[in-house]
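Notes follow the structure.
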Amino acid sequence: MTAAELIGELTRPWRHGEHFDGRGLVIEEPVVLDGLRLRGFDLSQVHFKAGLSARGATFLGLAWLRGAHIAGACDLSGARFRIDLRAEELQADTLCLDGVEILGVLALARAQARRISLADALIMANLTLEGAAVSEEFDMSRAEVLGGLWADDARLAKIAAAGSEVSGRLRNWRVANSASA
């Protein structure tokens, strides 16, 4: 599937109970969804060979990137998710979620990245980092998480969390991390 074909599928009108099933696709070109309104999708196990950008996009339905491989950056900064973002086992060089608004859960269990940034993010439910591996920096400066934060077995090399607030339970947050900033 080409990037243009994928964009065509994702920008079709959202209907409750429907979603685009694109599991396992390989997309060779950059996928740019900046500012678009996107229907629900399951892009689990997709390989984005030239990056993914959805800055300022609105995700109206389910947003699944479980086990997705993203060569280079995945930039979702300023995006609005009407429900969860499920990105368990996602692999990317950089995952940028700065300024996102997620009305549900942000699931990054077992995600692998060089850098993950959630600066100024608002997550209305839980943030799950169980088993995540971030080799250079995990930044959640000024982020607000209204649910809990789970970090069992997470390996986060450097953490920036100044001004962040978690209203729910913290589970293995300090224990799981090797350094904090």
Side-chain angles (χ1 to χ4, degrees), residues 1-125 127-140 143:
M1 177 173 270
T2 68
E5 290 169 334
L6 177 61
I7 292 167
E9 284 293 338
L10 296 179
T11 56
R12 287 180 43 202
W14 176 81
R15 289 190 177 87
H16 180 73
E18 294 181 9
H19 69 278
F20 172 67
D21 186 347
R23 292 176 288 177
L25 291 173
V26 176
I27 310 294
E28 300 285 342
E29 310 96 344
V31 175
V32 180
L33 305 167
D34 296 351
L36 298 176
R37 291 175 55 86
L38 307 168
R39 71 178 177 137
F41 60 81
D42 183 352
L43 294 175
S44 298
Q45 303 297 321
V46 168
H47 191 164
F48 293 98
K49 290 192 168 190
L52 172 64
S53 179
R55 295 183 309 242
T58 300
F59 294 81
L60 298 170
L62 63 93
W64 288 0
L65 291 167
R66 293 174 165 167
H69 296 262
I70 302 168
C74 179
D75 187 352
L76 307 176
S77 57
R80 291 171 304 284
F81 293 84
R82 295 298 170 226
I83 55 174
D84 303 344
L85 170 55
R86 299 285 179 163
E88 299 94 336
E89 299 178 0
L90 177 125
Q91 294 180 22
D93 177 63
T94 300
L95 174 59
C96 183
L97 295 161
D98 291 347
V100 298
E101 178 183 288
I102 301 174
L103 299 184
V105 170
L106 174 55
L108 297 173
R110 297 169 307 286
Q112 297 178 25
R114 184 178 54 81
R115 185 173 189 276
I116 294 178
S117 184
L118 292 161
D120 300 304
L122 172 62
I123 302 162
M124 301 291 282
L127 168 57
T128 304
L129 296 167
E130 180 180 352
V134 181
S135 62
E136 289 184 17
E137 182 181 30
F138 178 78
D139 184 357
M140 61 178 287

| note | Minimal heavy-atom distance between Cys74 and Ala92, with the atoms involved, is CB-CB, 4.5 Å

| said: For Asp34 and Ser53: C-alpha separation, side-chain torsions, deciding distance, then whether side-chain hydrogen bond (donor to acceptor under 3.5 Å, both in side chains) applies. | reply: CA-CA 6 Å; Asp34 296 351; Ser53 179; 2.6 Å; yes

| query | Is Leu62 close to Ile83 at the side-chain level, that is, under 4.5 Å between some pair of heavy atoms? | reply | yes

| query | Between Val134 and Leu129, is a side chain to side chain contact (heavy atoms under 4.5 Å, CB included) present by the stated rule, with each step listed? | reply | CA-CA 10 Å; Val134 181; Leu129 296 167; over 6 Å; no

| Any side-chain heavy-atom pair from Arg37 and Trp14 closer than 4.5 angstrom? | no

| query | Are the side chain of Asp84 and the backbone of Val105 linked by a donor-acceptor contact shorter than 3.5 Å? | reply | yes

| Pairs in or reaching into residues 62-74: which pass side-chain hydrogen bond (donor to acceptor under 3.5 Å, both in side chains), with residues at least two apart or in two chains? | Arg66-Glu88, His69-Gln91

| From Leu122 CG over to Leu103 CG, what is the distance, rounded to the nearest 0.5 angstrom? | 7.5 Å

| query | Between Leu33 and Thr11, is any pair of side-chain heavy atoms under 4.5 Å apart? | reply | no

| query | Rounded to the nearest 0.5 Å, how far apart are CZ of Arg86 and CG of Leu106? | reply | 9.5 Å

| field | Contacts of Arg23 that satisfy side chain to side chain donor-acceptor pair (under 3.5 Å) - sequence neighbours left out | value | Asp21

| remark: Correct closest heavy-atom pair for Lys49 and Ala71 would be O-CB, 3.4 Å

| Which atom names give the shortest non-hydrogen contact between Glu9 and Arg39, and what distance separates them? | O-NE, 2.7 Å

| task | Flag the pair Asp98 / Asp120 as yes when at least one side-chain heavy-atom distance between them is below 4.5 Å, and no otherwise. | result | no

| task | Taking Asp42 for its side chain and Ser44 for its backbone only, find out whether a donor-acceptor pair lies under 3.5 Å. | result | yes

| field | Where Ala3 and Pro30 come nearest, the two heavy atoms and their spacing | value | CB-O, 3.5 Å

| query | Can you check whether Leu97 reaches Leu85 side chain to side chain, under 4.5 Å on heavy atoms? | reply | yes

| query | Minimum heavy-atom separation for Val31 to Ile27, with atom names? | reply | CG2-CG2, 3.5 Å

| field | Reported CD1-to-OG1 distance for the pair Ile123 and Thr128, which is rounded to 0.5 angstrom | value | 9.5 Å

| query | Does the pair Arg115/Glu136 count as a salt bridge with the N-to-O cut at 4.0 Å? | reply | no

| said: A side-chain contact here means heavy atoms from C-beta on lying under 4.5 Å apart; do Glu101 and Arg82 qualify? | reply: yes

| task | Can you measure from CE (Met1) to CD1 (Ile7) and round to the nearest 0.5 angstrom? | result | 11.0 Å

| message | How long is the straight-line distance from CG of Leu95 back to OG of Ser77, given to the nearest 0.5 Å? | response | 10.5 Å

| note | Contacts of Phe81 meeting ring-ring contact (aromatic ring centres under 6.0 Å, His included) (sequence neighbours excluded), chain-then-number -> Phe59

| field | Verdict with supporting geometry, Leu25 and Phe48, side chain to side chain contact (heavy atoms under 4.5 Å, CB included) | value | CA-CA 8 Å; Leu25 291 173; Phe48 293 98; over 6 Å; no

| request: Identify the heavy atoms of Met140 and Phe138 that sit nearest to each other, and give their distance. | output: SD-CE2, 3.6 Å

| Spatial distance of atom CG (Leu76) from atom CG (Leu65) [nearest 0.5 Å] | 7.5 Å

| said: Does this structure show an ion pair linking Arg110 with Glu89, if we count only N-O contacts that are shorter than 4.0 Å? | reply: yes

| So, do Leu10 and Leu36 sit near enough that their side-chain heavy atoms are less than 4.5 Å apart? | no

| message | When you compare the side chain of Leu52 with that of Val46, does any pair of heavy atoms fall below 4.5 Å? | response | no

